[in-house]
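To start, the structure under review is shown below, and the notes come after it.
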Amino acid sequence: MWVRMRTLTLRPDQPFDLHQTLSCGQVFRWQKEDNGWWQGIVGAQVIRIHQDGNTLTFRGASPKVIRDYFALDMNLPEILASIDRDTAIHAAIESNRGLRIIQQPPWECTLSYLIATFSNIPTIQRRIEALSREFGKKISEEEKYYGFPDPKAFRSRCLDSLENCRLGYRRSYLEDTACRLASDTGWEDRIRALSYEESRKELMTLRGIGPKAADCILLFAFQRYEAFPVDVWIHRIMEERYPDLRGKGNEAIRRFGQEYFGKYAGYAQEYLFAARQVPMSQASW
DNA sequence: TTCCAGGATGCGA
DNA sequence: TCGCATCATGGA
């Protein structure tokens, strides 16, 4: 089937780096092809996209979807200026400028970060692919792409094929949380209506969603940019770059990050995460 | 074989 | 409230 190719011209004063944005670990269903194009599945859409300077060329989505998904209308220079508080974050900004926090669908983001706990990125990607194959709808007959499972797929308890997804101990968490959210159509609106702290507590009532996953979900799916997720990498980076934090727990690091970087602390977290020194043995891109 | 990964849960003190 | 052990899985 012929699919229309479209283009979008970026504003020169609003930096955007497609590669940094898709390869920093915030999304799990994008792959870079040898020819420089990126291909990803968002909901039930297969999107292919390429950047050449200020021009984005893509297919599989409307320009509005692309603008919204990549948050192209947010004033990135203003955000980066607000978090650019010392040499450590400044270096992270300089080496990743153009990275934008993607606006992910809440349902998909929540389940993805639930099964992401205590795993590495390649393993997370495989789990999400397996989950999509078992419970999602086939998008393309010939290429065998599967959309992320719809909530309807989890409204019954017939989830035997979760066994094939090899989620480990996360399986029961996914089962409980997916079934609960699938039958609670108002949960997204309820989260949006709450304050940051309240919405975080609400998310943490879901089985398998703890402090870190809740902050990822708020940051990546609910545009709560004050969220500052602390995982093993951020813990390590913050201890190393801010010596006063040595020996402190994740909660203290989270609060420091939020107070220090302000209302866009989540952007600071993402830039520090993107600038982390990943051992070659663990690099996935 | 051993270590580690975008942690969360449950239990005991 | 805090610290700690435990929990599957897969890659290097």
Side-chain angles (χ1 to χ4, degrees), chain A residues 20-30 92 96 99 101-102 104 106 108-131 133-134 159-178 180-181 197 200-222 224-225 227-241 246-255 257-258 265-285:
Chain A
Q20 298 285 9
T21 299
L22 290 175
S23 63
C24 71
Q26 59 178 322
V27 282
F28 303 113
R29 299 205 74 190
W30 286 88
N96 295 279
L99 188 167
I101 292 181
I102 286 173
Q104 301 183 36
E108 179 173 341
C109 183
T110 300
L111 297 194
S112 296
Y113 276 91
L114 185 154
I115 60 177
T117 60
F118 200 30
S119 301
N120 53 45
I121 290 173
T123 302
I124 299 163
Q125 291 174 318
R126 270 187 295 278
R127 287 195 190 123
I128 294 174
E129 286 307 315
L131 199 62
R133 273 198 307 277
E134 292 294 336
L159 301 175
D160 292 345
S161 51
L162 269 178
E163 185 67 33
N164 302 329
C165 300
R166 308 194 67 77
L167 305 179
Y169 63 88
R170 305 163 194 80
R171 175 183 167 169
S172 68
Y173 301 161
L174 182 95
E175 212 164 340
D176 288 355
T177 290
R180 179 176 151 188
L181 293 183
E197 289 290 348
R200 188 168 182 267
K201 280 182 192 167
E202 179 69 18
L203 284 172
M204 286 167 60
T205 66
L206 298 168
R207 239 171 86 75
I209 303 296
K212 187 265 173 182
D215 277 323
C216 283
I217 295 161
L218 288 170
L219 180 59
F220 299 135
F222 289 96
R224 303 310 298 254
Y225 297 109
F228 192 83
V230 181
D231 61 8
V232 291
W233 291 103
I234 291 298
H235 190 116
R236 202 174 293 153
I237 290 166
M238 295 295 282
E239 276 196 327
E240 181 186 328
R241 301 189 179 172
R246 286 180 188 158
K248 304 280 189 184
N250 284 355
E251 177 64 13
I253 293 175
R254 175 179 77 94
R255 289 194 180 282
Q258 291 190 296
Y267 258 91
Q269 190 271 6
E270 204 56 14
Y271 271 74
L272 289 171
F273 185 82
R276 73 198 188 282
Q277 301 297 314
V278 184
M280 286 308 291
S281 62
Q282 293 172 30
S284 55
W285 285 287

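In the text below, chain A, chain B and the rest are named by the order of the sequence lines, each starting its count at 1. What you are looking at is a predicted structure, and each value in this text was computed from that prediction instead of being measured.
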Rounded to the nearest angstrom, tell me the gap between atom [atom1] in [X] and atom [atom2] in [N].
{"X": "Glu163(A)", "N": "dT9(C)", "atom1": "CD", "atom2": "C1'", "value": "12 Å"}
{"X": "Arg126(A)", "N": "dG11(C)", "atom1": "CZ", "atom2": "P", "value": "4 Å"}
{"X": "Asn120(A)", "N": "dA12(C)", "atom1": "CG", "atom2": "P", "value": "9 Å"}
{"X": "Asp176(A)", "N": "dT9(B)", "atom1": "CG", "atom2": "C1'", "value": "12 Å"}
{"X": "Phe28(A)", "N": "dG6(B)", "atom1": "CZ", "atom2": "P", "value": "9 Å"}
{"X": "Arg254(A)", "N": "dG7(B)", "atom1": "CZ", "atom2": "P", "value": "16 Å"}
{"X": "Gln125(A)", "N": "dA5(B)", "atom1": "CD", "atom2": "C1'", "value": "13 Å"}
{"X": "Arg170(A)", "N": "dG6(B)", "atom1": "CZ", "atom2": "P", "value": "11 Å"}

Atom P, compared across dA8(C) and dC11(B): separation rounded to whole Å | 15 Å
Separation between the P atoms of dA5(C) and dG6(B), rounded to whole Å | 23 Å
Side chain of Glu270(A) - closest among dA8(B), dG6(B), dG10(B) = dG6(B)
Per Arg127(A) side chain, nearest of listed nucleotides dT9(C), dG10(C), dG7(B) | dT9(C)
Across the strands shown, which category fits Leu167(A) at heavy-atom distances under 4.0 angstrom: base, sugar-phosphate, nothing?
-> nothing
Contact class for Leu206(A) (heavy atom, under 4.0 Å): base, sugar-phosphate, or nothing?
-> sugar-phosphate
Tell me the closest heavy-atom pair linking [X] and [Y], and the distance in Å.
{"X": "Thr117(A)", "Y": "Gly208(A)", "value": "CG2-O, 4.4 Å"}
{"X": "Ile253(A)", "Y": "Val230(A)", "value": "CG2-CG2, 4.0 Å"}
{"X": "Leu99(A)", "Y": "Thr21(A)", "value": "CA-OG1, 3.5 Å"}

Got a sec, which residues hit side chain to side chain donor-acceptor pair (under 3.5 Å) with Glu129(A), two or more places apart in sequence or on another chain?
-> Arg29(A)
Contact pattern, 5' to 3', of nucleotides 1-7 of chain C - B, S or - by protein heavy atom under 4.0 Å | ------B
Contact nearer the 5' end of DNA chain B, comparing Thr123(A) with Arg207(A) = Thr123(A)
Residue whose closest nucleotide on DNA chain B lies nearer the 5' end, Arg236(A) versus Ala214(A) = Arg236(A)
Would a 4.5 Å heavy-atom cut-off, applied to side chains only, mark Thr205(A) and Arg180(A) as touching?
-> yes
Is the shortest heavy-atom distance from the side chain of Gln104(A) to the side chain of Ser112(A) under 4.5 Å?
-> no
For the pair Phe28(A) and Tyr113(A), name the ring-plane relationship: parallel under 30°, tilted 30 to 60°, perpendicular over 60°.
-> tilted
Listed pairs, N/O of protein and of nucleotides 11-13 of chain B, under 3.5 Å:
none

Salt bridge (charged side-chain N to carboxylate O under 4.0 Å, His left out) between Glu163(A) and Arg171(A), worked out = CA-CA 8 Å; Glu163(A) 185 67 33; Arg171(A) 175 183 167 169; 2.6 Å; yes
If you measure from the ring centre of Phe273(A) to the centre of the six-membered ring in the base of dG6(B), is it under 5.5 Å, with the planes under 30° apart?
-> yes
Looking at CD1 of Ile217(A) and CZ of Arg200(A), how far apart are the two atoms once the value is rounded to the nearest 0.5 Å?
-> 11.0 Å
Step by step, work out the salt bridge (charged side-chain N to carboxylate O under 4.0 Å, His left out) result for Lys201(A) and Glu197(A).
-> CA-CA 6 Å; Lys201(A) 280 182 192 167; Glu197(A) 289 290 348; over 6 Å; no
